[in-house]
Number of protein chains: 2
Amino acid sequence: VQGSKSHSSHHSTRICVKLLTLARDLRRRKARERRSLFIAEGVRAVEELLASPLQVHGTLISPHLCQTPRGVALAELLADRGITTLEVSETELAEVAETESPQGVVVIAAIPERSLESLVLPPTARILVADGIQDPGNLGTLIRTAAALGCSATLLTPGTVDPWNAKVVRAAAGAHFAHPAIGVTWDQAGAFLQGEAVQLWGADAAGDPPPERSAAPERLALAVGNEGNGLSAEARSRVSRLVGLPLASAVESLNVGVAAGILLYELRG
Amino acid sequence: VQGSKSHSSHHSTRICVKLLTLARDLRRRKARERRSLFIAEGVRAVEELLASPLQVHGTLISPHLCQTPRGVALAELLADRGITTLEVSETELAEVAETESPQGVVVIAAIPERSLESLVLPPTARILVADGIQDPGNLGTLIRTAAALGCSATLLTPGTVDPWNAKVVRAAAGAHFAHPAIGVTWDQAGAFLQGEAVQLWGADAAGDPPPERSAAPERLALAVGNEGNGLSAEARSRVSRLVGLPLASAVESLNVGVAAGILLYELRG
């Protein structure tokens, strides 16, 4: 685990301060958007990041990382790749980290440029629309689920938490390093879906059970709504159908990530 | 929001100290088991708790609770029900709470007595087996999912986090106030499933896709394994079949709660 150590101590102090300041700054959404950088925390997210094409800017590690063989391997990989690595105390790392247990490693990387315009859909396509999802863990799970079940993208409508929030990145387990998670207005989403002949359905507890797979449209987008309030009025005005799952009783409900997973699987292309 | 205020100040001070001390103590699993008490945090979990038959022991609330109409309604309900209520500062509540945002309310309640012996299965039954699940959020989601999809119980094998951990209770959104979540050894689980003619299947990424619903056994238990390591050796030696979901690519994976949700829905009775 060298990196900063190979520089002169003067230089290394400057890198040190800059990386720490930068990492602290990137806790704010506005700073992430201005700098096009984000933070990934924890061994698994960082492993996935290093395996992705995303450009890595620098790493902060604490002694905690080298307490497991997997952590040691990750530290060696960071050194082999010549990534600027700064050793900090547990306290300094905890100050930077958004998640409760960053497992001794935090990486700063470039947010990939992705837009609706660059999205190419296969003939049979599925898209997930996260409509006002506010819990970072839920959004991360949704993105991970959409990627694993073969969706072409996850569109994020206004009111949804930033997908490059460190807690979202962690819960997504690296899924959106490859899978496009794109922030859109409803007008942009509507125009895109119409132009690409994608039907928009909404998930709602009061909706009909999903039809047989064979009865699903070739191209389908599924909108799932906010944890407490369900789909937004804007979403409701645009969907052509509401689908829901039959539950054991009216008082029960499913976590939004689980509900989306079941519906996307039932309606897979 | 009266409660402690209606007592003499001497009495109220004693209740105060006792409830705070008790709540702090209940952060430890051993204390919960010895006292048969647990803590529910946050508006929704407490609402669900008050709607359940579980016996409530006392409540701690902070000024934060009354910042929303829903919180005010909950405070009024606590007062109407004559539940011992103690007003504390945000700092005191944060010291007691396990979750990041207790939303100004923490309730101490009795853990219901539940055992395999008291479990009565319908002719067509589903059971979820949580095999070494360590993340409280994941276990809570699993219990919530099992309840919503009509499972008769969730069995927790050794190595699984305590279902009465406050983070599990919060993620389960009140599901196991009614749904039995029962800790068992593998020998107990094996004997019970055999005695009740329940087949045991395991979820595994390398398993075959789930069969048609009509081909599923009348009584089926599905075991899902630890987030990092999958099913335990003990589980693998006992399952008669491994089922898994076809994913977009080998590198993708699903959150254990989402995978369990899809499989339980596909195989529902």
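In what follows, chains carry the letters A, B, and so on, assigned in the order in which the sequence lines appear, proteins first and then strands, with residues in each chain numbered from 1.
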**OP:** Determine the option with the most heavy-atom pairs under 4.5 angstrom with chain B, choosing from Ala260(A), Ser253(A), Gly257(A).
**Re:** Ser253(A)

Subject >> Spatial distance of atom OH (Tyr265(A)) from atom CG (Leu247(B)) [nearest 0.5 Å] >> reply: 9.0 Å

Could you list the donor-acceptor pairs under 3.5 angstrom formed by side chains in residues 170-178 of chain B, with sequence neighbours left out?
residue   : atom : partner   : partner atom : Å
Arg170(B) : NH1  : Thr99(B)  : OG1          : 2.9
Arg170(B) : NH1  : Ser101(B) : O            : 2.8
Arg170(B) : NH2  : Ser101(B) : O            : 3.0
His176(B) : NE2  : Pro163(B) : O            : 2.7

Subject >> Contacts of residues 141-157 of chain A with chain B (heavy atom under 4.5 Å) >> reply: Thr141(A), Arg144(A), Thr145(A), Ala147(A), Ala148(A), Leu149(A), Gly150(A)

Original post:
Which value, rounded to the nearest 0.5 Å, describes the distance between His179(B) atom NE2 and Ser249(A) atom OG?
Top reply: 12.0 Å

Subject >> Top contributor to chain A interface from Asn255(B), Leu264(B), Leu263(B) [non-hydrogen pairs under 4.5 Å] >> reply: Asn255(B)

Original post:
Around atom CD of Gln55(B), are there more than 12 heavy atoms of other residues, nucleotides or ligands at under 6.0 Å?
Top reply: no

